[in-house]
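For reference, the structure is listed below as structure tokens.
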4 protein chains.
Amino acid sequence: MPKRVDHAARRQEILQAAVRVFARKGFASSRIEDVAAEAGIAKGSVYLSFDSRDALLQAAFESYAAGSAQLLASLEPGPALDRLATLVRRVVAMLAAHPDHARVLVDLWSAGPPLDMAAVYRDYREAIAGLLRQAREEGALRPGIDERHAVVIVAAIEGCLLQWLVDPELPLADLAAPIIEVCVEGVRS
Amino acid sequence: MPKRVDHAARRQEILQAAVRVFARKGFASSRIEDVAAEAGIAKGSVYLSFDSRDALLQAAFESYAAGSAQLLASLEPGPALDRLATLVRRVVAMLAAHPDHARVLVDLWSAGPPLDMAAVYRDYREAIAGLLRQAREEGALRPGIDERHAVVIVAAIEGCLLQWLVDPELPLADLAAPIIEVCVEGVRS
Amino acid sequence: MPKRVDHAARRQEILQAAVRVFARKGFASSRIEDVAAEAGIAKGSVYLSFDSRDALLQAAFESYAAGSAQLLASLEPGPALDRLATLVRRVVAMLAAHPDHARVLVDLWSAGPPLDMAAVYRDYREAIAGLLRQAREEGALRPGIDERHAVVIVAAIEGCLLQWLVDPELPLADLAAPIIEVCVEGVRS
Amino acid sequence: MPKRVDHAARRQEILQAAVRVFARKGFASSRIEDVAAEAGIAKGSVYLSFDSRDALLQAAFESYAAGSAQLLASLEPGPALDRLATLVRRVVAMLAAHPDHARVLVDLWSAGPPLDMAAVYRDYREAIAGLLRQAREEGALRPGIDERHAVVIVAAIEGCLLQWLVDPELPLADLAAPIIEVCVEGVRS
DNA sequence: GATGAATGAGAATTCATTCAT
DNA sequence: CATGAATGAATTCTCATTCAT
């Protein structure tokens with residue numbers, strides 16, 4: 001069944017299939033053949049778009065990192081703490097809206113180099129630290145809050161995500177509110 | 001006089017060797033032979049103490065879960081929020097003191113059933129929710145804080161752990177303070 | 001007006017590309033795609049001229065065998081041993097002049113049926129045996145030389161070729177002289 | 001069926017099985033599983049003694065090279081040309097006596113680095129050149145014969161081998177005599 | 001005719017597990 | 001008990017060949 005025009009589209013389909021499979025059984029237990037079957041193609045065809053099994057995880061990472069970067073870049077103007085609250089809401093909403101992608105995160109955490117999850121969280125922390133600095137300039141921050149809290153805010157989000165990954169009963173989408181309550185409202189002056 | 005009197009002790013040694021190996025290369029890349037070598041015994045001898053490779057991870061989980069339960073059970077009396085702060089401090093200290101065990105967590109998160117990480121976090125949340133209830137009875141809790149914040153408090157801890165796992169530059173031990181600042185002091189009335 | 005008028009010419013181009021590729025990396029490591037790329041056409045197009053990968057080697061063999069046969073047929077009249085010396089010179093010159101074809105020989109030797117390298121050498125031996133017989137009739141042959149020496153003469157040539165294939169430092173073209181010295185002059189009466 | 005004492009012996013058995021298989025179908029068509037079956041063991045067990053399929057060919061080469069070196073080292077004293085004749089006889093006898101090893105040669109010729117067949121032939125040529133020099137000192141060599149004839153002598157042997165490999169009808173063992181006639185007696189003064 | 005995406009049989013290699021010693 | 005050789009199922013990746021466009 002030869003001839004397909006859009007190589008990028010096919011690559012995308014395979015990646016999405018891979019993400020579904022990884023979400024379902026974890027990367028370690030996912031076979032190339034599973035991905036191919038999920039994508040409705042033959043085993044060998046996966047290799048037309050990806051060099052190796054690891055390259056699939058790498059691509060999943062890149063896709064996730066790109067989404068994160070976009071999210072960080074898309075904050076509209078406004079009071080810093082409001083923007084922070086919005087950021088938290090959006091991150092949680094994105095994770096809740098794409099549970100498959102979210103479930104792959106646990107594999108990205110495991111993967112180590114050349115995947116650079118550290119960079120992703122560094123970017124988050126820097127963005128949040130920037131918002132906190134801005135909030136201080138606006139006089140909106142209560143004393144005693146400094147940049148180290150950026151770590152805690154990222155932690156609150158990722159920690160909720162983690163608990164939900166481990167226990168899908170947990171209503172991830174509902175957790176944006178308490179995170180904001182504690183991490184954003186809790187630091188307002 | 002059998003060469004090895006204490007079967008339990010041998011099992012313990014192997015488990016510890018396994019944890020070191022898993023911490024170093026991840027469970028997925030850890031071979032039974034690696035564990036045996038680390039323990040200074042022969043490959044086949046691992047099977048005298050453990051039924052299978054997965055049983056090693058299971059045992060690592062049980063060991064971690066037991067440590068967590070002990071930590072939760074060991075809180076001395078006192079004002080609830082102080083006890084909460086102590087809990088946070090102790091959990092972070094334990095993780096920082098045993099980086100090998102901590103690094104295995106990412107594999108425990110991935111593992112899925114029959115490992116029940118969900119139960120571990122459920123227990124944490126319940127303990128913390130209990131402390132929050134108690135704090136309310138003590139009139140120490142500001143309004144608007146309810147049991148859902150237990151999730152966020154666990155999240156703050158595990159999220160810091162996660163960022164440290166992914167980026168060991170991050171000073172995990174120093175993060176207890178900001179966590180407490182935000183999650184404990186921040187909810188005080 | 002078809003894109004390609006001469007199917008035979010296209011076949012020839014592909015065969016030559018194949019010989020270059022085989023010479024460079026050996027038949028075993030040569031992919032159809034490599035041959036296609038060398039010929040500047042698409043993988044599938046190779047199959048318009050050749051039935052299979054093996055057919056390429058078969059064709060290379062036929063081309064070599066045809067060249068050999070032509071060489072054997074082209075001997076001008078004259079004293080038999082002079083003609084023999086000329087034959088040796090020409091074979092060596094041909095091999096040295098077409099190193100790519102020569103390098104493919106090692107794959108032809110390996111290939112086994114249906115390639116019939118045995119026939120090629122049989123033909124060489126028969127031609128040389130004929131020349132030796134003629135030389136005897138001419139009284140030019142010293143006693144003790146019989147048809148079995150045809151094998152040795154072929155061997156001297158192919159053995160030099162072999163040493164050159166294995167060690168390209170060896171100056172193949174210069175070896176015609178000592179071969180003739182030993183195998184031709186050495187049998188003169 | 002565990003426990004085998006002599007690892008070296010097992011390695012040797014496997015190597016011999018491999019040589020038989022390579023001789024029968026050529027290295028390119030020989031599967032690890034074929035070798036294992038020939039050795040009467042399981043596929044995976046081959047890897048207990050050899051790192052890879054290529055390592056089997058490498059070992060076959062080393063074995064052949066060692067045999068050649070031993071042959072070259074074992075020449076008893078005597079007139080140089082007699083020793084040369086003995087050498088030729090022994091090489092041919094060795095090849096004829098171990099047809100399996102001989103048939104693998106065609107794969108060794110193909111293999112290229114890190115196999116160094118060039119060195120094997122270089123050693124042969126040097127040994128023979130030494131004998132020719134000695135023969136000259138002994139006054140046994142007719143004029144016009146120099147070291148370049150060493151190439152031709154090696155060629156005569158290997159070329160006969162080659163013709164026999166390609167056409168097993170050819171009586172290899174009987175070819176020592178004509179080789180000596182032409183290459184040794186033919187250079188005697 | 002050309003093309004190159006798609007296929008899937010096949011091969012090398014790994015490694016958890018077993019069990020004879 | 002302890003060992004590690006032996007096993008073979010499982011998995012990744014390759015590539016000759018086909019065929020829709």
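Hydrogens, waters and symmetry mates are skipped; everything else that's a heavy atom, side chains included, is used. Throughout, protein chains are lettered first and strands after them, A, B, ... in sequence-line order, and every chain is numbered starting at 1. Here the structure is a predicted model, which is why all the values come from computation and not from measurement.
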Run D:D100 and D:R103 through salt bridge (charged side-chain N to carboxylate O under 4.0 Å, His left out) and show every step you take.
CA-CA 5 Å; D:D100 285 349; D:R103 270 182 219 117; 3.5 Å; yes
Expressed as a whole number of angstroms, how long is the span from B:E13:CD to F:dA2:P?
11 Å
Both distances under 3.5 Å, Watson-Crick or G-U wobble: report the partner of E:dC15, or none.
F:dG8
Is there a donor-acceptor pair closer than 3.5 Å between any side-chain N or O of C:S63 and the backbone N or O of C:A59?
no
Note: B:A28 and B:R53 closest approach over all heavy atoms is O-NH2, 3.5 Å
Grab the CD1-P distance between C:I14 and E:dG1 for me, whole Å please.
11 Å
To the nearest Å, give me how far apart CG (C:L56) and P (F:dC15) are.
16 Å
Whole-Å distance separating the NE2 atom of A:H7 from the P atom of E:dA5
8 Å
Single hit among A:L165, A:V19, A:V21 for side chain to side chain contact (heavy atoms under 4.5 Å, CB included) with A:V104
A:V19
Round to a whole Å and report the spacing from CD1 of C:I41 to P of E:dG4.
11 Å
Could you state the OH-P distance from A:Y47 to F:dC13, rounded to the nearest angstrom?
4 Å
How do C:R53 and B:K43 order along DNA chain F: which one's closest nucleotide is nearer the 5' end?
B:K43
What is the minimum heavy-atom distance between A:D107 and A:F22, and which atoms define it?
OD2-O, 4.1 Å
Looking at every heavy atom in both C:L56 and C:L15, which two are closest together, and how far apart are they?
O-CD1, 3.9 Å
Map D:G44 and A:L48 onto DNA chain E by nearest heavy atom, then report which one ends up closer to the 5' terminus.
A:L48
What is the pairing partner of F:dA20, taking Watson-Crick or G-U wobble pairs with both distances under 3.5 Å in any strand?
E:dT3
Check the phosphate of F:dC1 against B:R10, side-chain N and O only, distance under 4.0 Å to OP1 or OP2. Yes or no?
no
Between D:V46 and A:S45, which is nearer to the 5' end of DNA chain F once each is assigned its nearest nucleotide?
D:V46
Counting distance only, does the side-chain N/O of B:H7 pair as donor-acceptor with the main-chain N or O of B:L48 below 3.5 Å?
yes
Quick one: C:F50 CZ to F:dT18 C1', roughly how many Å, whole number?
19 Å
Of B:S52 and D:S52, the one whose closest nucleotide on DNA chain E sits nearer the 5' end is D:S52
Under 4.0 Å, heavy atom to any atom of DNA chain E: which of residues 16-36 of chain A qualify?
none
